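Have a look at the structure below before the remarks.
Since we're looking at a predicted model, the values are computed, not measured.
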Amino acid sequence: MKKRSLPLSRVYRHLEPGPVVLVTTARGERANVMAMSWHTMMEFEPPLVGCVISNRNHTFSTLEATRECVINIPTAEIARQAIGCGNVSGRRIDKFARFGLTPMPAARVAAPLVAECYANFECKVHDRRLAATYNFFVLEVVKAWVDPSCKDPRTIHHRGRGAFMFAGKTVRLPSRAK
């Protein structure tokens, strides 16, 4: 197989760790939702998720102030709304209203769940020591919700520069992991 050099600025397009998620935050009566794709699992129990949220985003300052959020996982059916949330700022507009998303009350945090998402993970900031330098937060999932009718969700995966891929067929292969 012949290979060619890849510009370093494109490495992330090949390593994106998981699906595009919608991060919701709330301060006072004002809720916000942003699209995010730079996240990774860090621990099984308690479940810890590392994520990068730019300090230029409205969500960064709200997360710093409240220390809680919800990670919501959308599917291909709401891809346009989910990606739209990543293309506008929540500083001045209500993204729930603009993109037709439904906020639902969470059990353990003030930030809302997104009803249209098949899974929702209520989180509290576990560690923010890398936030000042790298915009990296470690979140602990304190409550998790999933729609049991969604057996094989077609999640959205960011490939960079406006390109996205939907998860495809699920296959089972031999593995020691249970």
Side-chain angles (χ1 to χ4, degrees), residues 16-54 57-128 131 135 137-158 164-167 170:
E16 269 314 327
V20 169
V21 298
L22 296 175
V23 177
T24 53
T25 53
R27 191 186 303 190
E29 298 296 313
R30 183 133 161 72
N32 187 44
V33 56
M34 72 163 264
M36 176 181 72
S37 61
W38 289 9
H39 54 82
T40 186
M41 286 301 306
M42 297 180 69
E43 184 58 77
F44 295 109
E45 286 191 41
L48 298 179
V49 179
C51 64
V52 175
I53 298 174
S54 172
N57 289 355
H58 179 57
T59 296
F60 183 95
S61 60
T62 304
L63 187 57
E64 281 274 270
T66 65
R67 309 268 195 215
E68 59 184 35
C69 65
V70 178
I71 296 174
N72 304 273
I73 306 178
T75 57
E77 290 75 23
I78 64 164
R80 291 197 185 280
Q81 294 102 304
I83 303 315
C85 288
N87 290 323
V88 297
S89 172
R91 279 188 178 86
R92 291 176 200 71
I93 66 163
D94 177 348
K95 290 194 223 178
F96 281 95
R98 180 164 182 176
F99 295 106
L101 299 172
T102 311
M104 289 178 43
R108 305 270 313 271
V109 300
L113 311 179
V114 176
E116 291 79 9
C117 291
Y118 90 92
N120 317 85
F121 305 138
E122 299 180 34
C123 301
K124 296 205 180 241
V125 173
H126 179 77
D127 189 337
R128 61 157 309 283
N135 301 327
F137 292 89
V138 178
L139 307 173
E140 179 178 349
V141 179
V142 296
K143 180 73 178 166
W145 305 91
V146 67
D147 179 351
S149 70
C150 191
K151 300 294 184 206
D152 287 312
R154 292 185 58 227
T155 52
I156 309 159
H157 298 263
H158 185 232
F164 296 88
M165 175 177 69
F166 297 138
T170 299

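When all heavy atoms are compared, the tightest approach of C117 to I78 is SG-CD1, 4.2 Å. Closest approach of V20 to P74, counting heavy atoms only: O-CD, 3.3 Å. The shortest heavy-atom contact between V70 and A111 is CG2-O, 3.5 Å. Taking both residues in full, the closest heavy atoms of A26 and A110 are given as CB-O, 3.9 Å, listed atom of the first, atom of the second, then distance. Taking every heavy atom of both residues into account, C85 and L22 meet most closely at CB-CD2, 4.1 Å. Summarising the geometry of M41 relative to V49, their closest heavy-atom pair is SD-CG2, 3.8 Å, with the distance given to 0.1 Å.
R91 is linked by a side-chain contact (heavy atoms from CB on, under 4.5 Å) to H58, S89, counting only residues two or more places apart in sequence or in another chain. Here E140 pairs with nothing under the salt bridge (charged side-chain N to carboxylate O under 4.0 Å, His left out) rule; sequence neighbours left out. F164 pairs by the ring pair (Phe, Tyr, Trp, His ring centres under 6.0 Å) definition with H158, not counting sequence neighbours. Taking D94 as the reference, nothing meets the salt bridge (charged side-chain N to carboxylate O under 4.0 Å, His left out) condition, with sequence neighbours excluded. In this view, D127 and R129 satisfy the side-chain hydrogen bond (donor to acceptor under 3.5 Å, both in side chains) rule, not counting sequence neighbours. Scored by the side-chain hydrogen bond (donor to acceptor under 3.5 Å, both in side chains) test, N87 finds no partners at all (sequence neighbours excluded). Qualifying side-chain hydrogen bond (donor to acceptor under 3.5 Å, both in side chains) partners for T75, counting only residues two or more places apart in sequence or in other chains: E77. Here N72 pairs with T24, N120 under the side-chain hydrogen bond (donor to acceptor under 3.5 Å, both in side chains) rule; sequence neighbours left out. With sequence neighbours excluded, the residues satisfying side-chain contact (heavy atoms from CB on, under 4.5 Å) with M165 are H157, R159. Every residue two or more places apart in sequence or in another chain that forms a ring pair (Phe, Tyr, Trp, His ring centres under 6.0 Å) with F60 is listed here: F137.
Here the SG-CE distance, from C51 to M42, works out to 10.0 Å after rounding to the nearest 0.5 Å.
Looking at heavy atoms from C-beta onward, I73 lies out of side-chain contact with P153 at the 4.5 angstrom threshold. The shortest distance between side-chain heavy atoms of I156 and F166 falls below 4.5 Å. Between K95 and M34, some side-chain heavy-atom pair lies under the 4.5 Å cut-off. Side-chain contact between V88 and I93 is present, with heavy atoms from C-beta onward closer than 4.5 Å. For the pair V141/C123, a side-chain contact is recorded, criterion being any heavy-atom separation below 4.5 Å from C-beta on.
A salt bridge (charged side-chain N to carboxylate O under 4.0 Å, His left out) check over residues 60-69, counting only residues at least two apart or in different chains, returns the pairs E64-R67, E64-R128, E68-K124.
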Report, one line per pair, each donor and acceptor closer than 3.5 Å where one atom sits in a side chain of residues 96-109; sequence neighbours left out.
from : atom 1 : to   : atom 2 : distance (Å)
T102 : OG1    : E116 : OE2    : 2.6
R108 : NH1    : V142 : O      : 3.0

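Screening T59, N57, T62 for a side-chain hydrogen bond (donor to acceptor under 3.5 Å, both in side chains) with N32, the sole residue that qualifies is T59.
Atom CZ of R80 sits in a sparse spot, with 12 or fewer heavy atoms from other residues, nucleotides or ligands closer than 6.0 Å.
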